[in-house]
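So the structure is just underneath, and the comments pick up after that.
Because the structure is a prediction, the values reported are computed rather than measured.
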Protein chains: 2
Amino acid sequence: MECKNVPIINKTKYAILGILTLMPCSGYDIKKFCDKGISCFWNENIGHIYPVLKQMENEELVTKRTEQSEGNPPKNVYTITQKGKEELEKWMKLPIEHSPERLELLLKMFFAKSVSVQYIIKELENEKNRCLKTLEESLKAEEELSNNERARNDLGYPYWLATIKYGIENSRFKIKWCDETLANISNYKKGE
Amino acid sequence: MECKNVPIINKTKYAILGILTLMPCSGYDIKKFCDKGISCFWNENIGHIYPVLKQMENEELVTKRTEQSEGNPPKNVYTITQKGKEELEKWMKLPIEHSPERLELLLKMFFAKSVSVQYIIKELENEKNRCLKTLEESLKAEEELSNNERARNDLGYPYWLATIKYGIENSRFKIKWCDETLANISNYKKGE
DNA sequence: GTATCCATGTAACCAGTTACATGATTGC
DNA sequence: GCAATCATGTAACTGGTTACATGGATAC
């Protein structure tokens, strides 16, 4: 059987291009930015970023330069090119592709009657706590952004704020749903 | 380079096992059930279902029998085995694995300042309309379920209802967010 | 002395998608 | 006549994850 080495493409590429419009970055920087700045709606895998960056260099969407600094290992810093900016813009104008929804919690809920209710309650409580944590983080991010003079004057401000607001309301809706579902399940148990 | 044929596993397997606890199904039936019953939180690919079913047969999680019926092509109907039920239960008791969030709409919002606002407005309107449609569908599903005598008496009822309610509230939150974001963006534009 | 952060990179693997092949039947 | 539905299946591909290798610096 043949096994070709095919080019690596898509979403990761555009996420990287977008981040590079904000500032030149190393692969490691990109990963950090994802984890700290946009992880509530976007995630990248470090093992995927490096090969994609290499390919993007071949496609001339980015340029690489090596930066030396005392104490730290050398860094490969990537800068977006004009061609890269055009590629990003082209993608931005394309309609969104919705990847098929797959919510494991909901799948388990759907088949929940096959196990004791305690497992479901545990899952719902876990999910609620997870959402409470992200809600707190999102609220902090909102405060930080709206207190940042430079950010407030940036053209991107209303968009950045919108992404944070999404995170906040998303968490709130999920917390409410967990509470209501926990209440319903308990009621149902009593009624049996 | 070597290219091994590795066994196909995971989430799809458990979704199929769960569906087979409801009734024996062919691959095609499973796909239809996903599309019509649980697509708002779970999706399967028909090209993936067949090989996974074959592998599950090898693992003795399901048994196959061929059903002939006039007019239609023959059907391979799969039934869950005791071993399959145990495998499902084992998974049900395991904590949920959250797959990394990747919301393309939010990613585009984050980099939106690099294109004209009209493209973003278009996307937000599309998203809103999509959510309005799924909201309508979810409300219909809720009504149907609560009017179904047999479903109401099933142990699964509160869980099924919870999944639908999730769909409803999820759509509502997204619609609200789209509206608010559209309003904010317009305000910002006027303020410029 | 141990863990974490900094930093890059590759190979193997995995799960899922797309496209294709096949072919009968039903509805417009 | 054409599209859609019923029905099964495979091969090639894609995109992403995990595990590993390397190694210095810093923090507890």
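- Across the protein-nucleic acid pair, Ile49(B) atom CD1 and dA7(D) atom P stand 14 Å apart, rounded to whole Å.
- Residue Asn76(B) is the one, among Gly47(A) and Asn76(B), whose nearest nucleotide of DNA chain D lies closer to the 5' end (criterion: closest heavy atom).
- There is a side-chain donor-acceptor pair under 3.5 Å between Thr66(A) and Asn76(A).
- When the P atom of dA7(D) is taken as reference, atom OH of Tyr78(B) falls 14 Å away, rounded to whole Å.
- Dashed line: the shortest gap from a side-chain N or O of Lys13(B) to OP1 or OP2 of dA15(C) is not under 4.0 Å.
- Between the CD atom of Glu101(A) and the P atom of dT17(C) there is a distance of 13 Å, given to the nearest Å.
- Residues of residues 15-31 of chain B having a heavy atom closer than 4.0 Å to DNA chain D, listed by number: Ser26(B), Gly27(B), Tyr28(B).
- Across the protein-nucleic acid pair, Glu97(B) atom CD and dT17(D) atom C1' stand 12 Å apart, rounded to whole Å.
- Going from atom CD of Gln55(B) over to atom P of dC14(C) covers 11 Å, rounded to whole Å.
- When the side-chain nitrogen and oxygen atoms of Lys11(B) are compared with OP1 and OP2 of dC14(C), none of them lie within a distance under 4.0 Å.
- The distance between atom CG of Asn10(A) and atom P of dC13(D), rounded to the nearest whole Å, is 17 Å.
- Between Lys165(B) and Glu142(B) there is a salt bridge, with a side-chain nitrogen of the basic residue lying less than 4.0 Å from a carboxylate oxygen of the acidic one.
- By the salt bridge (Lys or Arg N to Asp or Glu O under 4.0 Å) test, Lys174(B) pairs with no residue at all, sequence neighbours left out.
- Counting non-hydrogen atoms of neighbouring residues, nucleotides and ligands closer than 6.0 angstrom, the NZ atom of Lys54(B) reaches no more than 12 such neighbours.
- Every pair tested for ring-ring contact (aromatic ring centres under 6.0 Å, His included) that includes a residue from residues 114-154 of chain A fails, sequence neighbours excluded, so the list is empty.
- You'll find the ring centres of Phe173(A) and Tyr166(B) inside the 6.0 Å limit.
- Residue-to-nucleotide proximity on DNA chain C shows that, of Lys64(A) and Asn43(B), the 5′-proximal contact is made by Lys64(A).
- Closest contact between the side chain of Tyr50(B) and the listed nucleotides dA15(C), dT18(C), dG9(D) involves dG9(D).
- We find that CZ of Phe33(B) is positioned 20 Å from C1' of dT5(D), with the value rounded to whole Å.
- To the nearest angstrom, P of dT8(C) lies 7 Å from NZ of Lys75(A).
- The His48(A) side chain lies nearest to dT17(D) when the options are dG9(C), dT17(D), dG9(D).
- Residue Pro100(A) places its side chain closer to dT17(C) than to any other of dT10(D), dT10(C), dT17(C).
- Looking at Lys90(A) and Glu87(A), a side-chain N of the basic residue comes within less than 4.0 Å of a carboxylate O on the acidic one, giving a salt bridge.
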